[in-house]
Protein chains: 2
Amino acid sequence: MGITKSEHFTDHQNELANVLKALGHPARVAIVEYLIQHKQCICGDIVNELPLSQATISQHLRELKQVGIIQGNIEGNSICYCLNPQVFEQITKFMGIVIESVTKNKCC
Amino acid sequence: MGITKSEHFTDHQNELANVLKALGHPARVAIVEYLIQHKQCICGDIVNELPLSQATISQHLRELKQVGIIQGNIEGNSICYCLNPQVFEQITKFMGIVIESVTKNKCC
DNA sequence: AAATTATATCGTAATATTGCAATATAGATT
DNA sequence: AATCTATATTGCAATATTACGATATAATTT
């Protein structure tokens with residue numbers, strides 16, 4: 001099929017999965033890492049950095065933006081993108097719960 | 001195309017992306033959450049929990065196992081799965097770096 | 001206003017993912 | 001050893017993702 005049965009899962013599960021899926025591509029990890037180092041970017045910066053076409057980079061930026069990982073502000077001619085901390089706090093919170101749970105219990 | 005150009009990215013970027021992609025599906029988030037609560041599971045437990053077929057659940061478990069999110073130990077007839085903390089520490093480390101970076105710099 | 005610069009969108013091809021029925025495998029029980 | 005129980009694998013259809021050339025849009029500069 002290829003269609004995820006989102007309706008069977010909780011909002012929380014769907015939202016978290018969407019954010020993690022958006023981060024689940026090396027180009028998008030690379031974009032986030034670029035933003036960690038350079039604080040901000042325009043689309044052209046990433047086009048120069050990664051061996052992907054402008055159209056593809058624009059698409060990856062849109063995906064990151066759609067789930068709130070980055071935000072874009074119009075700045076004259078171009079659009080300035082930067083990281084949105086809230087989403088990462090959500091992810092870290094989830095990971096923290098997992099780690100806490102796991103360290104308490106030995107595996108079978 | 002549909003093919004990710006992994007060869008253009010670093011091992012670290014590919015590995016992290018693979019783990020996050022594996023977590024990027026609500027059914028697999030649900031499986032992890034089940035493991036947080038119940039410490040361990042066999043395939044049949046998840047089949048009873050989620051409205052997906054046994055074949056589909058088995059496939060999701062395999063994906064989680066492939067990237068090291070869970071580990072499975074043969075226990076007689078069935079296979080006992082549980083969470084592997086190392087992978088989550090890796091993710092949390094990455095998220096921590098992002099959050100530290102972002103809180104230091106205002107967005108454009 | 002024409003040209004330039006920067007980004008987004010459209011259309012399309014190739015590949016990947018999701019999901020399930022059917023079947024295979026393997027240990028446990030009778 | 002035949003049956004049962006638990007899980008994995010195979011094959012397939014439907015849908016999603018990835019990537020890019022071509023083109024559209026919109027602000028900037030000449």
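Per chain, numbering begins at 1; letters A, B, ... match sequence-line order.
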>> Could you tell me if A:His25 and A:Glu63 have a donor-acceptor pair between their side chains, going purely by distance under 3.5 Å?
In response: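 Absent: no donor and acceptor within the cut-off.
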> Quick one: does B:Gln59 reach the base of D:dA8 with a side-chain donor-acceptor pair under 3.5 Å?
Replying inline: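 Flag unset: no donor-acceptor pair detected.
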Exercise: identify the closest heavy-atom pair between [X] and [Y]:
| X | Y | value |
| --- | --- | --- |
| B:Val47 | B:Gln54 | CG2-CA, 3.8 Å |
| A:Asp45 | A:Cys41 | OD2-CA, 3.4 Å |
| A:Leu64 | A:Ala22 | CD2-O, 4.0 Å |
| A:Val32 | A:Phe88 | CG1-CZ, 4.2 Å |
| B:Val67 | B:Val87 | O-CG2, 3.9 Å |

So which nucleotide from [options] ends up closest to the side chain of [X]?
| X | options | result |
| --- | --- | --- |
| A:Ile79 | D:dA6, C:dT7, C:dT18 | C:dT7 |
| B:Lys5 | D:dA19, C:dC20, C:dT18 | D:dA19 |
| A:Thr4 | C:dG19, C:dA21, D:dC20 | C:dG19 |

Any side-chain N or O of [X] less than 4.0 Å from the OP1 or OP2 oxygen of [N]?
| X | N | result |
| --- | --- | --- |
| B:Lys21 | D:dT17 | no |
| A:Arg62 | C:dA8 | no |
| A:Ser53 | D:dC20 | yes |
| A:Tyr81 | C:dA6 | no |
| B:Thr56 | C:dG19 | no |
| A:His60 | D:dA19 | yes |

Spacing between [X] atom [atom1] and [N] atom [atom2], to the nearest angstrom:
| X | N | atom1 | atom2 | result |
| --- | --- | --- | --- | --- |
| B:Ile3 | D:dA16 | CD1 | P | 21 Å |
| B:Leu52 | C:dA21 | CG | C1' | 14 Å |
| B:Asn14 | C:dA16 | CG | C1' | 16 Å |
| A:Glu63 | C:dA8 | CD | C1' | 14 Å |
| B:Ile57 | D:dT5 | CD1 | C1' | 18 Å |
| A:Leu50 | D:dC20 | CG | P | 11 Å |
| A:Gln54 | D:dT18 | CD | P | 17 Å |
| A:Leu61 | D:dA19 | CG | C1' | 15 Å |

> How is B:Ser58 classified with respect to the nucleic acid when contacts are heavy atoms under 4.0 Å: base, sugar-phosphate, or nothing?
Replying inline: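 Base: the residue B:Ser58, judged by heavy atoms under 4.0 Å, touches a nucleobase.
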> Stepwise, does the side-chain contact (heavy atoms from CB on, under 4.5 Å) test hold for B:Asn73 with B:Ile79?
Replying inline: CA-CA 5 Å; B:Asn73 298 97; B:Ile79 296 175; over 6 Å; no
>> Please tell me whether A:Cys80 and B:Cys108 are bridged, where bridged means their SG atoms are separated by under 2.5 Å.
In response: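 Taking the criterion (SG atoms under 2.5 Å apart), A:Cys80 and B:Cys108 satisfy it, so yes.
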>> Test side-chain hydrogen bond (donor to acceptor under 3.5 Å, both in side chains) on B:Gln13 and B:Thr10; report intermediate values, then the result.
In response: CA-CA 5 Å; B:Gln13 286 164 345; B:Thr10 67; 3.3 Å; yes
> Could you run down nucleotides 24-30 of chain D 5' to 3' and tag each one B, S or - for protein heavy-atom contact under 4.0 Å?
Replying inline: ---BS--
> Can you list, by residue number, the residues of residues 23-44 of chain B that have a non-hydrogen atom closer than 4.0 angstrom to DNA chain D?
Replying inline: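 Listed by number, they are B:Ile42, B:Cys43, B:Gly44.
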>> Donor-acceptor pair, distance only, cut-off 3.5 Å: does the side chain of A:Arg28 make one with the backbone of A:Leu23?
In response: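 Flag not set: sc A:Arg28 to bb A:Leu23 has no pair under 3.5 Å.
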